[in-house]
> 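Dropping the structure in here first, questions after.
Naming convention: chains lettered A, B, ... in sequence-line order (proteins, then strands); numbering from 1 in each chain. Every heavy atom of this structure was used, including side-chain atoms; hydrogens, water molecules and symmetry mates were not.
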Amino acid sequence: MERYDAHTIEQKWQDEWAREDAFAVENPAPGSERDGRHFYMLEMLPYPSGTLHMGHVLNYTLGDVVTHFRRRNGYTVLRPMGFDSFGLPAENAAIKEGGNPLEITERNIASIENQMRRMGWAIDWDREVSAHEPSYYRWTQWLFLKLFEHGLAYRKEAPVNWCPNDQTVLSNEHVVDGRCWRCGAVVEARNMEQWFFKITAYSDELLDDLSTIDWPERTKKIQRQHIGRSEGAELIFRLDELDRDIPVFTTRPDTVFGATFFVVAPESPLVDELVEGTDRAEEVRAYARIAAARPTEERASREKTGVFTGRHAINPANDERIPIWVADYVLMQYGTGAIMAVPAHDERDREFAETYGLPIVPVVGENGTLVNSGRFDGLPWREGIDAIVAWLSERGKGKPAINYHLRDWSFSRQRYWGCPIPVVYCDDDGIVPVPESELPVLLPEVENYRPKGEPPLAQATEWINVPCPRCGKPARREADTMDTFVDSSWYFLRYTDPHDDEAPFERRVADYWMPIDQYIGGIDHAKGHLLYSRFFVKALNDLGLLGFREPFQRLFHQGWVLLDGKRMSKSQGGVTPDELIERFGADPIRIYILVQGPADQDIDWTPDGIEATVRFVRRFWRVVHDAAARLPSPEGVDTPLARKAHEVIARVTDDIDRRFVFNTPISAVMELINELSKAPDDPAARFAAETAVSLLQPYVPHVAEELWGVLGHSRLWETPWPQADEALLRHETIELVLQVNGK
RNA sequence: GCGGAUGUGGCGAAACAGGCAAACGCACCGGUCUCAGAAACCGGAGGUCCACGACCGUGAGGGUUCGACUCCCUCCAUCCGCACCA
């Protein structure tokens with residue numbers, strides 16, 4: 001028996017799989033129907049920082065086990081890989097260390113690819129794509145143009161987060177406690193023209209279709225909460241002095257009789273209109289300017305402030321004149337940017353009313369019925385909602401309405417390393433799309449990646465100055481680039497048809513593979529990537545480019561790998577996958593990362609654990625070699641060891657297939673190995689060894705393949721999955737448990 | 001404040017549809033082998049006690065049941081998400 005040498009074995013089989021292109025799959029011939037024997041397995045694609053980390057190892061090993069399991073159960077499995085290769089980190093590295101983002105990115109990709117091969121993951125490398133390659137982002141631009149054409153991408157002025165130190169706009173995710181995540185400077189609010197995708201056009205559908213997909217309930221909850229649909233009414237408040245109506249949204253129209261004042265958001269255009277030409281104009285405008293500039297985080301944490309405008313509105317329910325205030329606790333982005341304040345029944349309104357001495361009139365009594373509400377007194381407040389809306393509606397002063405928290409997706413970034421937005425600004429023609437035939441708009445080389453009050457691309461004078469595609473007069477290209485989440489909102493479609501140079505993908509092919517049967521990735525993408533991708537698929541479906549409306553049929557979130565209680569989202573000293581492969585080999589790492597506990601739960605990285613796994617693999621190696629020296633087991637032999645083997649087949653299969661758990665199968669095979677080592681003379685010894693090797697192959701494909709050869713077989717990676725014999729699953733004796741008084 | 005998840009030996013965990021709690025593994029203890037150590041192998045182990053056995057044990061308390069880690073109710077603790085959304 002040779003010594004178990006992970007590196008030799010792993011290299012040997014990785015070379016073999018690469019030579020055979022063992023995990024590549026063909027696209028269907030025209031006319032093929034999706035037949036239920038096809039499986040699209042996908043894990044979220046990595047961002048190419050310098051190296052993989054243990055979280056990646058868990059993510060992709062999980063997907064790998066599923067891939068092998070499905071393949072050996074007769075499925076054709078599409079399991080591609082690519083890189084989310086645009087984005088800030090490469091650009092920042094270039095600013096900091098010199099070099100350019102392209103070189104840094106491509107160096108990192110090469111390094112990660114190498115690590116992925118060394119992990120032995122069964123990937124179809126023929127379909128590899130990277131977001132920064134012109135052959136990919138050409139189609140990102142093409143899809144943008146389609147969305148623009150249909151009004152789903154648009155440009156408007158909106159408040160953004162501005163870092164005065166880095167001289168750039170930050171996404172909401174990059175503002176931490178009101179500060180820039182990189183330099184720590186306090187972020188300012190600024191109004192800027194930005195590009196948006198009209199994701200809000202799909203609010204209801206994004207909400208409703210959650211019931212059609214097999215996702216963890218907590219993820220659906222996060223999306224539901226993020227979309228934040230609330231039903232209520234729009235009520236009209238009359239402003240006699242200006243001969244004008246102001247609508248407000250409320251979820252509690254039953255409390256309208258208690259609306260004792262009215263509040264407008266500081267950034268509302270209404271503010272100017274209200275105070276124009278009055279003696280309060282200066283004071284109110286000064287307040288509004290300061291309050292509006294304050295970041296939302298700060299606004300929420302400090303005491304509410306406000307100022308009286310001198311104007312009054314008419315409460316539509318009781319015709320009372322109520323004062324109009326401007327206050328920082330009212331948000332412009334939600335509803336109409338103005339509210340009716342009901343201090344008796346809303347905490348925020350109460351706080352404000354108490355601070356400024358405004359009247360508080362209760363309109364819902366202790367028993368939940370309406371009071372001080374005229375003809376509606378005595379009605380339970382829930383019934384009051386419909387009754388009052390109907391009554392106001394008859395008088396033209398209100399109607400039922402629905403509001404959402406979800407806002408349109410701002411996707412323009414004032415940074416360099418991203419997909420150029422293919423439009424040109426012309427003085428005469430306005431925003432002009434770049435003609436399809438001129439795609440891709442290539443990202444040009446620039447001198448300096450650091451933005452200085454304008455995006456780096458604005459410095460690329462030769463690139464930015466072009467004739468208008470429509471009239472030919474001098475015009476300028478868009479200098480903003482796209483958020484990287486745009487790239488990752490459709491990559492799974494490109495995988496289905498990665499070499500297509502006529503279209504982003506052929507609809508027939510995309511429809512064949514999609515939707516993804518099993519998607520695996522972190523829950524941190526619950527309301528970002530996972531929502532954006534759903535929006536993209538729905539929009540592209542509406543454009544006739546796809547035949548389905550949800551991208552990810554089943555979703556699973558792996559847990560985090562923790563070191564000293566902290567997430568290993570970065571490579572950490574001593575425990576990078578590279579170093580671990582070098583010390584222990586890929587197979588022990590693969591098994592370790594899954595045996596620790598349920599895959600959707602966080603696991604602690606411990607050095608002891610990996611040592612134990614190495615010991616187990618050596619033991620596995622030895623016990624199987626011993627069994628290989630035995631005579632082949634007779635077909636259908638019925639011994640305790642044979643029955644154990646069949647029981648373990650049934651358990652492992654059920655665990656992976658139905659339960660989607662990956663730790664207990666390893667325990668089950670360990671039990672089988674233990675029993676085999678205790679009963680080496682059992683006639684089923686060889687069968688038990690074959691079963692153990694076969695069942696463990698998805699976890700440790702290299703050593704399993706080698707041992708399969710030792711047992712006299714070949715090509716385990718395409719050998720059908722073992723079947724449990726029902727006859728041998730029955731226990732020969734029935735245990736009769738008698739209990740008396742529960743004992 | 002709103003929403004969600006989790007709580008089982010010294011540790012990671014298992015027990016899937018209510019049926020012998022702690023499988024499998026770590027750490028630990030003992031033994032074999034060895035000059036010695038490592039490795040490997042064999043064995044032990046929830047707690048308490050009058051120890052052949054008995055009792056207690058799944059965050060706490062109650063309930064349903066012949067029987068509860070599992071189902072129901074009330075708490076407690078920890079973690080996560082959202083949060084001036086009218």
> Is A/K304 close enough and on-axis enough to A/Y329, meaning under 6.0 Å and within 45°, for cation-pi?
yes
> When the C1' atoms of B/rG9 and B/rC79 are considered, how many whole Å apart are they?
23 Å
> With heavy atoms under 4.0 Å as the rule, sort A/V330 into base, sugar-phosphate or nothing.
base
> Report, one pair per line, the protein and nucleotides 40-45 of chain B atoms (nitrogen or oxygen only) whose separation is under 3.5 Å.
| from | atom 1 | to | atom 2 | distance (Å) |
| --- | --- | --- | --- | --- |
| B/rA40 | O3' | A/R622 | NH1 | 3.3 |
| B/rC41 | OP1 | A/R622 | NH1 | 3.4 |
| B/rC41 | OP1 | A/R622 | NH2 | 2.7 |

> Looking only at atom C1', what distance separates B/rU70 and B/rA17, rounded to whole Å?
10 Å
> Would A/R3 and A/D5 pass as an ion pair if we require N to O under 4.0 Å?
no
> To the side chain of A/E671, which of B/rA86, B/rA23, B/rA14 is closest?
B/rA23
> Expressed as a whole number of Å, how far does the P atom of B/rC76 sit from that of B/rG61?
15 Å
> Does A/R534 make a cation-pi contact with A/W409 (under 6.0 Å, within 45 degrees of the axis)?
no
> Tell me which nucleotide among B/rA86, B/rG81, B/rA23 gets nearest to the side chain of A/I222.
B/rG81
> Is the closest basic N to carboxylate O distance between A/E671 and A/R651 below 4.0 Å?
yes
> Sort by first number and list every stem of RNA chain B: at least 3 consecutive Watson-Crick or G-U wobble pairs, both distances under 3.5 Å.
B:1-7 with B:76-82, B:10-12 with B:24-26, B:28-32 with B:40-44, B:46-49 with B:53-56, B:59-63 with B:71-75
> Give one of base, sugar-phosphate or nothing for A/R229, where a contact means two heavy atoms less than 4.0 Å apart.
nothing
> Using distance alone, with no hydrogens and no angle criterion, decide if A/N403 and A/S230 have a side-chain donor and acceptor under 3.5 Å apart.
no
> Taking B/rG31 as the reference, what is the distance to B/rA22 when you measure between their C1' atoms (whole Å, please)?
25 Å
> Students often get this wrong, so: under 4.0 angstrom with heavy atoms, is A/D654 touching a base, only sugar-phosphate, or nothing?
base
> Contact class for A/Q596 vs. all strands (heavy atom < 4.0 Å): base, sugar-phosphate, or nothing?
sugar-phosphate
> Just by distance, no angles: are the side chains of A/Y699 and A/T61 close enough, under 3.5 Å, to form a donor-acceptor pair?
no
> Would you indicate what A/E217 reaches in the nucleic acid, counting non-hydrogen atoms under 4.0 angstrom: base, sugar-phosphate, or nothing?
nothing
> Assess A/R244 against A/F237: is NZ or CZ under 6.0 Å from the centre of the six-membered ring, and within 45 degrees of the ring's axis?
no
> Mind checking the P distance from B/rU78 to B/rC71? Whole angstroms is fine.
24 Å
> Considering every strand and a 4.0 Å limit on heavy-atom distances, what is the contact class for A/N663: base, sugar-phosphate, or nothing?
sugar-phosphate
> Rounding to the closest angstrom, what is the interatomic distance between B/rC29 and B/rG81 at atom C1'?
45 Å
> Can you confirm whether more than 12 heavy atoms, excluding those of A/E2, are under 6.0 Å from its CD atom?
no
> B/rC16, B/rA15, B/rA86: which one has an atom nearest the side-chain heavy atoms of A/T664?
B/rA15
> Heavy atoms under 4.0 Å, any strand shown: does A/T613 hit a base, just sugar-phosphate, or nothing?
nothing
> Is there a donor-acceptor pair closer than 3.5 Å between any side-chain N or O of A/H557 and the backbone N or O of A/G521?
yes
> Between B/rG43 and B/rU48, how far apart are the two P atoms, rounded to whole Å?
25 Å
> Distance between the P atoms of B/rG59 and B/rC69, in whole angstroms?
10 Å
> Nearest to the A/K221 side chain among B/rG25, B/rG4, B/rA86, which nucleotide is it?
B/rG4
> B/rA23, OP1 or OP2 - any side-chain N/O from A/N674 closer than 4.0 Å?
no
> Within the 4.0 Å heavy-atom criterion, would you say A/R218 contacts the bases, only the backbone, or no part of the nucleic acid?
sugar-phosphate
> Could you tell me whether A/K527 contacts a base, only the sugar-phosphate backbone, or nothing, with contacts defined as non-hydrogen atoms closer than 4.0 Å?
sugar-phosphate
> From C-beta outward on A/S667, which listed nucleotide comes closest to its side chain: B/rC2, B/rC26, B/rC24?
B/rC24
> Do the numbers put A/R311 on top of the ring of A/W325, so that NZ or CZ is under 6.0 Å from the six-membered ring centre and no more than 45° off the axis?
no
> State plainly whether the residues A/R643 and A/E675 are in salt-bridge range, i.e. N to O under 4.0 Å.
no
